[in-house]
Protein chains: 2
Amino acid sequence: MNLKQLSDILNLSQTTVSRALNGYPEVREATRRRVMEAARRYNYTPNTRAKGLATGRAMSIGHVIPLSRKHEILNPVFGDFITGASEAYVATGYDLVLSLVPDDVQAEHYRNLGAKGNVDGIILHGPLVSDSRIELLREIGLPFLVHGRSSGIEETYPYLDMNNRRAFARATRHLIELGHRRIALLNGDESMDFAARRRAGYEDALREAGIRIDPSLIVSGEMTESLGLQAAGEMLDRPEAPTAFLTSSIVIALGVERAGFRRGLAIGRDLSIITHDDALSYLPNGSDEPLFTATRSSVREAGRRCAELLLASIANPDAPPPQELLEADLIIGRSTGPAPRKDI
Amino acid sequence: MNLKQLSDILNLSQTTVSRALNGYPEVREATRRRVMEAARRYNYTPNTRAKGLATGRAMSIGHVIPLSRKHEILNPVFGDFITGASEAYVATGYDLVLSLVPDDVQAEHYRNLGAKGNVDGIILHGPLVSDSRIELLREIGLPFLVHGRSSGIEETYPYLDMNNRRAFARATRHLIELGHRRIALLNGDESMDFAARRRAGYEDALREAGIRIDPSLIVSGEMTESLGLQAAGEMLDRPEAPTAFLTSSIVIALGVERAGFRRGLAIGRDLSIITHDDALSYLPNGSDEPLFTATRSSVREAGRRCAELLLASIANPDAPPPQELLEADLIIGRSTGPAPRKDI
DNA sequence: CAGGATATTCAAAGCGCTTTGAGACCCGCC
DNA sequence: GGCGGGTCTCAAAGCGCTTTGAATATCCTG
């Protein structure tokens, strides 16, 4: 069923039907009702492509997920982010076009997305430190919004980020106040901006407390269970083992916990853990009382907000670029406690 | 840059340029090269919407993820699936349109997708037992392919599934051969088809061995770490505790493991665990030797294959509906061993 | 009830592309 | 040198929608 068929049935012109459907004022109420009614009856839905061609708007947003050739890991966070974004899109009739693109063809892909005209805007995922894609997107002229930030980019650009630095500084400070001195950091890949900022926060707090930064207590890499298991295992076997771990994701923390279990260490007593918790739906941090003490910030909420901001800036292109910084909560669970006596 | 501008620059008609670009034979090679060259130089990419309008093909595939209102959990498996599917799409120039749709508006959403004409086909995720969406999609007439199957649907429909029943029967048999008699099953929500089949496989093997099926050893629900922790914890505290667990996902298995740790049980000796392993990129089952004994089937591979099958059946609508069944591997890790002596 | 204002409706031009049917050009052959 | 056949190129008609500018009803006032 297309517009012409519908208007023929109604004995109206296409113009009138279109206007009636799109809420223009030049249509008598009775006519509009009649049209609406018929549209529903015949299950008429305007063809998106044709509508897009005519209006110049694609009614869809592109999400481009970088896929490293080296470690082809799709960030598990992504699913929740998308869920949140989707909420905003569904509410406004937008579609979500997803592309997973290998690093080496990213630039080309962004250019194509612009030229092909099938998205009205782009959400940029997984920004690196000094990420060149930001400049590229500005150059292309397609509206965009960065989920995260990129240190080292001077110009202002639209973003929504979580205050990683402050969150990790707070967490580190909390451990220090509990008497811990040897605090390990198991971080994500530090070429990613978020991980670099988390490390900066960790170092801020240590410096502040006059604690030497020990590079042998810092590991960064893919955020998997085995990273936690292996790195923590190795560190715990040292004579001067850390008494506390700060980890960038719950999955890593689970690995640390296991390394502790294997060595007969009680979590929260012999060994403290604070993790960042993205509040992923399928990895809840305990059901009632949180398992891990954690800096928590819902990535789903971030997804929703990102989508809202991008849609708003598409609707109003002259507004200044949106920039938002979410703060994480520090929630206390059962994985932290005072540093063991002998270590104070 | 659009076709007209490009053809003006080249002093050619739009037709000629279009034909040159799309590989039609009526263009001299020299001309074609000249056109190609210019297209690259000016970074011309045909507008998808316009092309779609003219050809009637959207060059994109819709993935509809059901989002239960009750437990808003996005299956973590989904990320890897999409990654796989993406590989097939990128190779053929298709886009991936994603929608997360609450259960109660699914039917409407499928209808709209059809009418709006912005996808050429649909991948149906998360089929339930007797899933009515399959009938709906057939009625709508849009090409589709089910990832999984739906028991209780009589007509043939295109699908790609993993042989869940056989996989779980094999795993259960393996435990039985190791001497286990009290084997618990921690399953996904059994209104989902895959979970129902897994349970059937588990029961097949028990029946075969003449072991009574004990409903108190079967739990199904959301596949989270805490499900594993709680269900296993509760079972292990019984006088007649199970000696082995079969779980539907690694996350559950991690929970079981933790419940074991907490009770001082050695995994692989006091307690055996077999899990299904979707080979998720961010949840590797150990780095060299597998942590868990597992039935393994890469969901990413499944994604790639689903996409390929759907694209093939779009290209050739008269072919019989593709139906494929993947077999899972049973890989032996360190989480299984003979049943403890006293229990034999 | 004429005349102008207002409320409705219409025909037609685009949006950027593909594709059809026809025309121009060039070649070699008789 | 004219003609048939191949090779290229072209103008124009759609694809389904929005939107402009004009036409037609309808209504109200004096």
Side-chain angles (χ1 to χ4, degrees), chain A residues 1-36 38-39 42-60 93-95 112-120 142, chain B residues 1-36 38-39 42-60 93-95 112-120 142:
Chain A
M1 170 69 59
N2 61 22
L3 187 59
K4 178 153 182 9
Q5 296 170 329
L6 184 63
S7 57
D8 282 354
I9 290 179
L10 286 164
N11 263 321
L12 291 174
S13 74
Q14 299 189 33
T15 318
T16 307
V17 175
S18 169
R19 295 206 141 141
L21 255 21
N22 291 309
Y24 283 73
E26 315 86 326
V27 179
R28 182 172 28 168
E29 256 325 298
T31 310
R32 186 191 308 281
R33 266 203 305 280
R34 196 162 69 93
V35 171
M36 295 291 221
Y42 297 101
N43 193 26
Y44 166 79
T45 315
N47 180 299
T48 326
R49 288 193 302 267
K51 193 162 179 164
L53 232 205
T55 58
R57 305 196 308 147
M59 290 307 280
S60 63
Y94 273 78
D95 277 332
N112 274 355
L113 272 186
K116 286 198 306 181
N118 48 356
V119 301
D120 296 320
L142 206 57
Chain B
M1 170 70 58
N2 61 21
L3 187 59
K4 179 156 183 7
Q5 296 169 332
L6 184 64
S7 56
D8 283 353
I9 289 180
L10 286 163
N11 263 321
L12 291 173
S13 73
Q14 298 189 33
T15 318
T16 307
V17 175
S18 169
R19 294 205 142 142
L21 255 21
N22 290 310
Y24 282 73
E26 315 85 328
V27 179
R28 181 171 30 169
E29 257 323 300
T31 311
R32 188 193 306 282
R33 267 203 304 280
R34 195 161 69 94
V35 171
M36 294 289 219
Y42 296 101
N43 193 28
Y44 165 79
T45 316
N47 181 300
T48 325
R49 288 192 302 267
K51 193 162 178 164
L53 232 205
T55 58
R57 305 197 308 146
M59 290 306 282
S60 63
Y94 273 78
D95 278 332
N112 274 354
L113 272 186
K116 286 198 307 180
N118 47 358
V119 302
D120 297 320
L142 206 56

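Lettering follows sequence order; numbering is per chain, from 1.
Looking at every heavy atom in both residues, L10(B) comes nearest to R34(B) through O-NH2, 3.3 Å. P46(A) approaches K51(A) most closely through the heavy-atom pair CG-NZ, 4.2 Å. The heavy-atom pair separating D120(A) from A58(A) by the smallest distance is OD1-N, 2.7 Å.
The shortest distance between the side-chain N/O atoms of R28(B) and the OP1/OP2 oxygens of dT9(D) is below 4.0 Å. Distances shown here put a side-chain N or O of S13(B) below 4.0 Å from the OP1 or OP2 atom of dC10(D). Residue T16(B) places at least one side-chain N or O closer than 4.0 Å to OP1 or OP2 of dC10(D).
Using a distance-only test at 3.5 Å, with no hydrogens or angles considered, a donor-acceptor pair links the side chain of S60(B) to the main chain of N118(B).
Residue T15(B) is classed as a base contact, given a heavy-atom separation below 4.0 Å to a base.
Atom-to-atom, CG of N11(B) to C1' of dC10(D) comes out at 13 Å; the value is rounded to the nearest Å. One interatomic measurement links the two molecules: CD of E29(B) to P of dT7(D), which rounds to 13 Å at whole-angstrom precision.
To the nearest 0.5 Å, the span separating OG1 on T16(A) from CG on N11(A) amounts to 11.5 Å.
Proximity of K116(A) to N47(B): side-chain heavy atoms (C-beta onward) are nowhere separated by under 4.5 Å.
Bounding nucleotides for the chain A contact on DNA chain C, 5' to 3', at a heavy-atom distance below 4.0 Å, are dT8(C) to dG16(C).
Between Y44(B) and R19(B), the one whose closest nucleotide on DNA chain C sits nearer the 5' end is Y44(B).
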